[in-house]
Colleague: 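Below is the structure I would like to discuss, written out as structure tokens.
In this text the structure is predicted, and so the values were computed from the model without any measurement. First listed ligand is number 1; within each ligand, the first listed atom is number 1.
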Amino acid sequence: MDHFNYKNGELHAEDVPLSRIAAEVGTPVYVYSSATLARHFNVFQQALEWAPEHLICYALKANSNIAVLKLLGDLGAGMDVVSIGEYARARAAGVPGARIVFSGVGKTREEMKLALEGGIRQFNVESEPELRALSEVASGMGAVAPIAIRVNPDVDAKTHEKIATGKSDNKFGIPIARAREVYAEAAKLPGIEVIGIDMHIGSQLTDLDPYRQAYAKMADLTRALRDDGHDIRRLDMGGGLGIPYKRDNNAPPLPIEYGQVIREAVGDLGCEIEIEPGRNIAGNAGVLLSKVIYLKEGEGRNFLILDAAMNDLIRPAMYGAHHDIVPAIEPAPGADVSAFDVVGPVCESGDTFQKGTQLPSPDPDDLIVFRSAGAYGAVMSSEYNSRPLIPEVLVDRDRFAVIRPRPTLAEMISREALPDWL
Ligand code: LLP
């Protein structure tokens with residue numbers, strides 16, 4: 001459920017008509033709903049209510065605007081970061097290091113050092129070279145790094161191949177068959193404290209079975225490692241629960257059902273539970289608001305050319321992803337619709353959001369909305385074709401604020417420099 005609904009014939013974010021944001025901030029623009037972000041976070045809290053100790057570590061790769069992080073942090077969220085840049089954002093949003101988990105396959109020594117200095121809840125270690133590097137960095141500082149080892153359970157997450165991470169041919173984690181050996185090494189290393197196990201099998205999962213398979217393996221591994229003498233007291237179950245991108249009846253399982261799958265698999269182990277949802281919290285809490293520039297008649301097809309492009313929202317071009325595209329003005333019941341190929345101004349055919357979209361004959365300057373764009377939207381945008389990064393707006397009931405302004409052309413260019421020989 002989200003808070004983007006038609007009211008008085010116009011699509012609103014909570015109590016703010018999107019047309020008002022377009023008029024005041026311009027388009028294209030990302031618009032997020034505070035109430036939806038909070039609701040999704042609270043739904044996960046309920047899903048894990050059974051676990052006396054748990055922490056929802058929002059995966060901020062999905063949407064890392066510091067206003068979004070502050071809102072979630074104030075509700076008690078922890079953060080899952082994958083770079084020191086994300087760590088800095090979480091800290092800038094007021095989240096203490098004790099609630100920040102550091103994931104990722106390629107942490108540098110510099111990143112490890114900065115996170116240890118700033119305070120960190122746990123490193124999710126993904127390889128033996130990383131484990132040894134962390135041991136050297138931490139012991140060199142006279143510090144102890146709390147770790148979970150990310151274990152790759154070799155489970156097919158049944159999602160898009162670019163975002164599946166739990167198969168043995170993916171770059172992530174340590175093969176489960178070798179986990180005991182690696183934990184044994186970790187236990188002996190200076191500057192390392194083993195506290196748990198981590199898994200993350202992929203993103204946009206629409207079926208709970210892969211989780212069941214992976215978490216059963218995690219439960220077995222917890223018992224085996226305890227038998228080996230390790231004090232396994234925290235389980236990081238990863239993120240990845242999918243969201244409905246289409247308003248049909250095929251919605252993925254709900255967080256509450258997902259919480260029960262975790263409970264059934266590991267609920268009797270007495271461990272603290274962590275999860276790392278990103279998309280499920282931010283995805284349907286945001287839309288991309290754009291404007292029609294031209295309608296162009298092609299050979300047997302009509303193109304709707306928008307002011308938003310693949311550089312602003314790359315998911316359709318990159319993954320063939322679907323985002324519902326709707327007009328900001330509610331179509332009259334039974335209004336005539338025609339098919340359009342919805343495209344942006346970028347100079348490649350890949351800049352096509354959707355083909356054959358049914359829309360009630362739009363006019364230039366009409367507002368067009370991409371739903372479910374709050375996750376992996378703004379964070380994946382670029383300035384390709386020298387299109388400045390688009391602004392982000394946060395709505396809270398009847399008020400809104402620009403939480404990332406649109407840079408001017410001069411600002412965009414001024415980040416570059418001419419060498420002194422030119
Ligand atoms: N934890 C780890 C270790 C991850 O790698 C990810 C996502 C998450 C948590 C959060 O997963 P989520 O709950 O958001 O599914 N750009 C792609 C998605 C990439 C996901 C990468 N890892 C997309 O637009 O679909």
Colleague: Look at Glu128 together with Arg178 and state whether they make a salt bridge at an N to O cut-off of under 4.0 Å.
Modeller: yes
Colleague: Test of understanding: given a 4.0 Å heavy-atom threshold, classify the contact between Ser203 and ligand 1 as side chain, backbone, both, or neither.
Modeller: both
Colleague: Counting both backbone and side chain atoms, is some N or O of Ser103 under 3.5 Å from an N or O of ligand 1?
Modeller: no
Colleague: Using the salt bridge (charged side-chain N to carboxylate O under 4.0 Å, His left out) rule, take Asp220 and Lys217 through it: C-alpha gap first, then chi angles, then the decisive distance, then the call.
Modeller: CA-CA 5 Å; Asp220 288 346; Lys217 294 187 180 194; over 6 Å; no
Colleague: Among the heavy atoms of Arg150, does any lie under 4.0 Å from an atom of ligand 1?
Modeller: yes
Colleague: Please list, in number order, the atoms of ligand 1 under 4.0 Å from a heavy atom of Gly278.
Modeller: 12 (P), 13 (O), 14 (O)
Colleague: Using a strict cut-off of 4.0 Å, indicate which atoms of ligand 1 neighbour a heavy atom of Ala59.
Modeller: 8 (C), 9 (C), 10 (C)
Colleague: My understanding is that only one of Asp324, Asn284, Asp2 makes a side chain to side chain donor-acceptor pair (under 3.5 Å) with Ser372; could you say which?
Modeller: Asn284
Colleague: Taking the six-membered ring for Trp, are the ring centroids of Tyr245 and His323 within less than 6.0 Å of each other?
Modeller: yes
Colleague: At what distance is the nearest protein heavy atom to atom 3 (C) of ligand 1, and which residue and atom is it?
Modeller: Glu276 OE1, 3.5 Å
Colleague: Should the proximity of Met318 to ligand 1, defined as any heavy atom under 4.0 Å, be assigned to the side chain, the backbone, both, or neither?
Modeller: neither
Colleague: Tell me: protein heavy atom nearest atom 19 (C) of ligand 1, and distance?
Modeller: Ile163 CG2, 3.7 Å
Colleague: If you have a sec, work out which protein heavy atom is nearest atom 16 (N) of ligand 1 and how many Å separate them, to one decimal?
Modeller: Tyr319 OH, 2.8 Å
Colleague: Rounded to the nearest 0.5 Å, what separation is found between the CD1 atom of Ile403 and the CG atom of Asn65?
Modeller: 3.5 Å
Colleague: Any donor-acceptor pair under 3.5 Å linking the side-chain atoms of Glu14 with those of Ser34?
Modeller: no
Colleague: Quick one: look at Arg315 and ligand 1, take heavy-atom pairs under 4.0 Å, and tell me if it's side chain, backbone, both or neither.
Modeller: side chain
Colleague: So that I can tick it off, tell me whether Arg150 and Asp236 are bridged by a salt bridge, with the cut-off set at under 4.0 angstrom between side-chain N and carboxylate O.
Modeller: no
Colleague: Which residues pass the ring-ring contact (aromatic ring centres under 6.0 Å, His included) test with Phe353, not counting sequence neighbours?
Modeller: Phe370
Colleague: Which value, rounded to the nearest 0.5 Å, describes the distance between Arg121 atom CZ and Met79 atom CE?
Modeller: 12.5 Å
Colleague: Under 4.0 Å, heavy-atom basis, I'd like to know which part of Lys61 is in contact with ligand 1: side chain, backbone, both or neither.
Modeller: side chain
Colleague: Take every heavy atom of Asp80, measure it against each atom of ligand 1, and state whether any distance is under 4.0 Å.
Modeller: yes
Colleague: Quick one: does Gly240 get within less than 4.0 Å of ligand 1, heavy atoms only?
Modeller: yes
Colleague: Relative to ligand 1, is His200 under 4.0 angstrom through side chain, backbone, both or neither, heavy atoms considered?
Modeller: side chain
Colleague: Would you say that more than 12 heavy atoms from the other residues, nucleotides or ligands in this model lie under 6.0 Å from the CD of Glu161, or not?
Modeller: no
Colleague: May I ask whether Met380 places a heavy atom under 4.0 Å from ligand 1?
Modeller: yes
Colleague: Looking only at heavy atoms, is any part of Leu205 under 4.0 Å from ligand 1, and if so is it the side chain, the backbone, or both, or is it neither?
Modeller: neither
Colleague: Over 60° means perpendicular and under 30° means parallel, so tell me whether Phe44 and Tyr258 are parallel, tilted or perpendicular.
Modeller: perpendicular
Colleague: Going by the order shown, which atoms of ligand 1 are within less than 4.0 Å of some heavy atom of Arg279?
Modeller: 12 (P), 13 (O), 14 (O), 18 (C), 23 (C), 25 (O)
Colleague: Report yes or no: does Pro277 have a heavy atom closer than 4.0 Å to ligand 1?
Modeller: yes
